[in-house]
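Here is the structure we will look at.
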Protein chains: 2
Amino acid sequence: MIYSKECEYAIRAMTYLAQHADRRCMAKEIAEKENLPQHFLSKILQTLVREKLLESAKGPKGGFQLSKPAKTITLYHIKKFVDGVDDLNECAVGLTKCNDEMPCPLHDDFKPIREKVKNYLKSTSLADMTKALDNKKKISKAASG
Amino acid sequence: MIYSKECEYAIRAMTYLAQHADRRCMAKEIAEKENLPQHFLSKILQTLVREKLLESAKGPKGGFQLSKPAKTITLYHIKKFVDGVDDLNECAVGLTKCNDEMPCPLHDDFKPIREKVKNYLKSTSLADMTKALDNKKKISKAASG
DNA sequence: AGTAATTAGGATAATAATATCTAAAAAGGG
DNA sequence: CCCTTTTTAGATATTATTATCCTAATTACT
Ligand code: SF4
Ligand code: SF4
């Protein structure tokens, strides 16, 4: 609803990296564990390296890792580099470009929602993602055992 | 952010029809007035007829019109028939399918936002769209004159 | 130095979204 | 009945997204 596959894969891969921040992870490993198309993922990781969100190393013991602490990388950052964030500043209705002085239909109803989405992306870091995943694991264990 | 071009065009066309509910409008007219690709729009209008949201008539004096009152047709209905609404029930994060008992990361943060979007689409009718447009026109006149 | 491992980058392929074109069918007006 | 207008439907074209493949470059280890 909010981002492309490419961006979704980027987020999932970076979340995986955040969960294994103690070492480098290979593209192949991430693809297998997260069930992502391997070659496509490699491309995505390359662009994330170019955008300085990741660091990479070639050869044996090579792989990818976050270039900075997980709590400083937000979903917004990732979307910004992969998809761009223009759509978050455009109308849901699509009648004209956004402009507070000359609002289009439903401005007052829609703009707050759009702001909430933007805010959610900006306030959610990879650290939050891993925390949420840990929680899920706990709940899952409690339920089954 | 929420729907495809096709759906956006559908909404804009149907809003136009709601504004001119007293008569039938030709595809060409709608395309010109709303600045939409004409042939693509024709296709879209055809599917809306098949889905019973519009009625059509061929030949001279032909064209398209809403099949029921503007206030009974919501953005949600339109999206449902054009794009489908599955994405409104899926995760923003994309890690797994939605399931309240086994929530994925950020469920509690994201789900309310998603519900707000859904609600917005369900509670916004074509009549609301025309009302908002009228309002805009008024404001625009007051500002310039 | 040699070899295996791994990322980087370019070429290509497959699929989906967006857009156009053309001919056929239906309706109205002469 | 014929001509014009307009929708309908199907074929085709274009572009963007998603995905794969292949080769080169880099590095680690022996
Ligand atoms: S003014 Fe409001 S309704 Fe109009 S484009 Fe901006 S956010 Fe959308
Ligand atoms: S985060 Fe919540 S809304 Fe999203 S898939 Fe998970 S349970 Fe569903």
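Chain A is the first sequence line, chain B the second, and so forth, proteins listed ahead of strands; every chain is numbered from 1. Reckoned from all heavy atoms, side chains included, excluding hydrogens, waters and symmetry mates. Every value quoted in this text rests on a predicted model; they were computed, and no experiment measured them.
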#### Entry: Interatomic distance, A/Met26 CE vs C/dA4 C1' [rounded to whole Å]
13 Å

#### Entry: Under-4.0 Å side-chain N/O to phosphate OP1/OP2 contact, B/Tyr9 with C/dT18
no

## Note on the structure
By nearest-nucleotide position on DNA chain D, the 5'-leaning member of A/Gln38 and A/Gly59 is A/Gln38

### Task
Could you state the atom-to-atom distance from CZ of A/Phe40 to P of D/dC22 in whole Å?
19 Å

### Summary
With the side chain defined as heavy atoms from C-beta on, A/Lys43 is closest, among D/dT27, C/dG10, D/dC29, to C/dG10

### Task
Could you work out which one of D/dT7, D/dT8, C/dA8 sits closest to the side chain of A/Gln46?
C/dA8

### Query
Does A/Ser56 put a side-chain nitrogen or oxygen below 4.0 Å from OP1 or OP2 of C/dT6?
no

### Query
What integer distance in Å separates A/Arg24:CZ from C/dA5:C1'?
13 Å

### Summary
Of D/dT18, C/dG9, D/dA28, the nucleotide closest to the side chain of A/Lys61 is D/dA28

#### Entry: A/Leu75 backbone acceptor or donor facing A/Thr124 side chain under 3.5 Å
no

### Query
Between B/Glu55 (CD) and C/dA27 (P), how many Å, whole number?
14 Å

### Query
Where the side chain of B/Pro60 is defined as all heavy atoms beyond and including C-beta, which of C/dA25, D/dT4, C/dT22 is the nearest nucleotide?
D/dT4

### Query
Nearest of D/dC21, D/dT18, C/dT20 to any side-chain atom of A/His39?
D/dC21

### Query
What is the distance from OH of B/Tyr3 to P of C/dA16, rounded to the nearest Å?
24 Å

#### Entry: Separation of atom CD1 in B/Ile44 from atom C1' in D/dG10, rounded to whole Å
17 Å

### Query
Choosing from D/dA9, C/dT7, C/dT20, which nucleotide comes nearest the side chain of B/Pro37?
C/dT20

#### Entry: Rounded distance (Å) that lies between atom C1' of C/dC21 and atom CG of B/Leu41
16 Å

### Query
Got a second to check how far A/Lys52's NZ is from A/Phe81's CZ, nearest 0.5 Å?
10.5 Å

### Task
Indicate yes or no: does B/Glu115 engage B/Lys118 in a salt bridge with an N to O separation below 4.0 Å.
yes

### Query
Under 3.5 Å, is there a donor-acceptor pair between the side chain of B/Lys71 and the main chain of B/Leu126?
no

### Query
With a non-hydrogen cut-off below 4.0 angstrom, is B/Ser4 in contact with a base, only sugar-phosphate, or nothing?
sugar-phosphate

### Task
Could you check how far CZ of B/Phe64 sits from P of D/dT6, rounded to whole Å?
12 Å

### Query
For the side chain of B/Lys58, counting heavy atoms from C-beta on, which of C/dA19, D/dA9, D/dT6 is nearest?
D/dT6

### Task
Report the relative orientation of the aromatic rings in B/Tyr120 and A/Phe110; use parallel for angles under 30°, tilted for 30 to 60°, perpendicular for over 60°.
tilted

